[in-house]
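To start, the structure under review is shown below, and the notes come after it.
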Amino acid sequence: MKRNTYIIKVVTSLCLVILCPSIAVAQNTDKAIPKKTETKPDVPTLEAAWKPVAVDHIFGIRGGLGLGNARMEPSRNNKTLPNWLQNYGISYRFDVPAQKYVGTIEIDLQYMEKGFAYAVSFAEDNNEIYSRKYSVIEFPILWQPYFPFGKGESRVFVNLGPFLSYTLSGTERTTNIKTGEYVEHKYLYDPLRDNRVEYGVIVGGGVAIGIKRFAVTLDFRYNIALSDALKGVNNYAGNPFRSPVDQMSLSLGLQYRFIKGKTKSNE
């Protein structure tokens, strides 16, 4: 019995000698090798890529005078309407100062007088001029590339864009240019003869002088009509083939930078 107990103690001691170094090595290995941590790759997010820019919102009023002319085909001995034509309205413009050479967009809503005149006949002794003046509501959308100077809203700009107008009412007049006498009455619109809707393009330019948030503008525009004021001769006998009515105008305006956009760093 004592012999068996002795043998058990010897075997136990040998096992401890063999196993203890292995356990110690395993423990040291666990301490030496750090645990791997998962890292997410740097992927640009929409929030990081989006960078808001400052946007200025400018409101204004404008008014001025102009001259009208029709390009009749065939020609009716066209004349420039001798009377000054009024125009005035409101405008909205938004601008991104960081992209100043790209330009701004201006949207107007204005009341405008248009008109044209032509000689009643081609005879040399003809003294009579027929003229028509009519009022429209015009809706232009203009791209305005500009070159800033000085401070504030000071700039030189270009006008380029389409317009759409609707005729409200008009008058017609026959004038004797020798005596100055004339007969005038209200023009009665006929849907078979007349077009109330006109459209075309605007070209021009101007200058703005900035005073803090305000700007005083001097604006030249040339409206080139692409539509006809009168329907073609195929639709109404006696009308010309083409009758686009152009307009030249010069106006003064006052603009105010009502809202100024903020960048993310300014919020």
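Just so it is clear, the model here is predicted, and its values are computed rather than measured. Along the sequence shown, residues carry numbers from 1.
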List the residues meeting side-chain contact (heavy atoms from CB on, under 4.5 Å) with [X], not counting sequence neighbours, and say none if there are none.
| X | result |
| --- | --- |
| Asn69 | Asn78, Thr80 |
| Ser169 | Ser135 |
| Asp190 | Leu192, Arg193, Asp194, Tyr236 |

Nearest-0.5 Å distance, [atom1] of residue [X] to [atom2] of residue [Y]:
| X | Y | atom1 | atom2 | result |
| --- | --- | --- | --- | --- |
| Asn127 | Thr179 | CG | OG1 | 8.0 Å |
| Arg173 | Glu184 | CZ | CD | 4.5 Å |
| Arg93 | Phe157 | CZ | CZ | 8.0 Å |
| Thr104 | Gln144 | OG1 | CD | 4.5 Å |
| Phe163 | Ile141 | CZ | CD1 | 12.5 Å |
| Tyr130 | Phe116 | OH | CZ | 5.5 Å |

Would you kindly confirm whether [X] and [Y] end up in one hydrophobic cluster when ILVMFWY residues are joined by side chain heavy atoms under 4.5 Å apart?
| X | Y | result |
| --- | --- | --- |
| Tyr92 | Leu252 | yes |
| Leu65 | Val136 | no |
| Ile61 | Tyr111 | yes |
| Leu142 | Val55 | no |
| Val96 | Ile105 | yes |

For [X] and [Y], indicate whether the former's side chain and the latter's backbone hold a donor-acceptor pair under 3.5 Å.
| X | Y | result |
| --- | --- | --- |
| Asp108 | Ser91 | no |
| Gln247 | Glu113 | yes |
| Arg213 | Arg257 | yes |

Least distance between heavy atoms, [X] atom then [Y] atom:
| X | Y | result |
| --- | --- | --- |
| Arg242 | Leu226 | NH2-O, 3.8 Å |
| Val245 | Ala225 | O-CB, 3.3 Å |
| Pro140 | Ile202 | CB-CD1, 3.6 Å |
| Ser154 | Gly210 | OG-N, 2.8 Å |
| Phe241 | Pro74 | CD1-CD, 3.5 Å |
| Asn87 | Ser249 | ND2-CB, 3.6 Å |

Tyr187 ring center within less than 6.0 Å of Tyr189 ring center: yes
Ring centers of Tyr256, Phe59 separated by less than 6.0 Å: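 No, the ring centres sit 6.0 Å or more apart.
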Beyond-backbone contact of Leu160 with Val203, side-chain heavy atoms, under 4.5 angstrom: yes
Side chain to side chain, Pro240 and Leu230, heavy atoms closer than 4.5 Å: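 Yes; the side chains approach each other to less than 4.5 Å.
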Thr174 and Ile129: CA distance, side-chain angles, deciding distance, side-chain contact (heavy atoms from CB on, under 4.5 Å) verdict: CA-CA 6 Å; Thr174 302; Ile129 299 292; over 6 Å; no
Under the salt bridge (Lys or Arg N to Asp or Glu O under 4.0 Å) test, residues paired with Glu172 that sit two or more places apart: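 In terms of salt bridge (Lys or Arg N to Asp or Glu O under 4.0 Å), with neighbours along the sequence ignored, Glu172 is linked to no residue.
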Candidate list Gln110, Arg62, Gln86, test side chain to side chain donor-acceptor pair (under 3.5 Å), partner Ser251, passing option: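 Testing Ser251 for a side chain to side chain donor-acceptor pair (under 3.5 Å) against Gln110, Arg62, Gln86 leaves exactly one candidate, Arg62.
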Working for side-chain contact (heavy atoms from CB on, under 4.5 Å), residues Phe94 and Ile107: CA-CA 9 Å; Phe94 68 90; Ile107 302 172; 5.5 Å; no
CA sep, side-chain torsions, deciding dist, call: Leu218, Leu250, side-chain contact (heavy atoms from CB on, under 4.5 Å): CA-CA 7 Å; Leu218 179 63; Leu250 187 66; 4.0 Å; yes
Phe149 atom CZ, over 12 foreign heavy atoms within 6.0 Å: yes
Stepwise side-chain contact (heavy atoms from CB on, under 4.5 Å) check, Glu138 with Leu164: CA-CA 6 Å; Glu138 186 180 80; Leu164 180 70; over 6 Å; no
Salt bridge Arg155-Asp95, side-chain N to carboxylate O under 4.0 Å: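 Asp95 and Arg155: not salt-bridged.
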Listed once per pair and sorted, the side chain to side chain donor-acceptor pair (under 3.5 Å) pairs that draw on residues 195-207, sequence neighbours left out: Lys114-Glu198, Tyr134-Glu198
Side chain to side chain donor-acceptor pair (under 3.5 Å) contacts touching residues 202-211 (sequence neighbours left out):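 Those involving residues 202-211 do not exist here.
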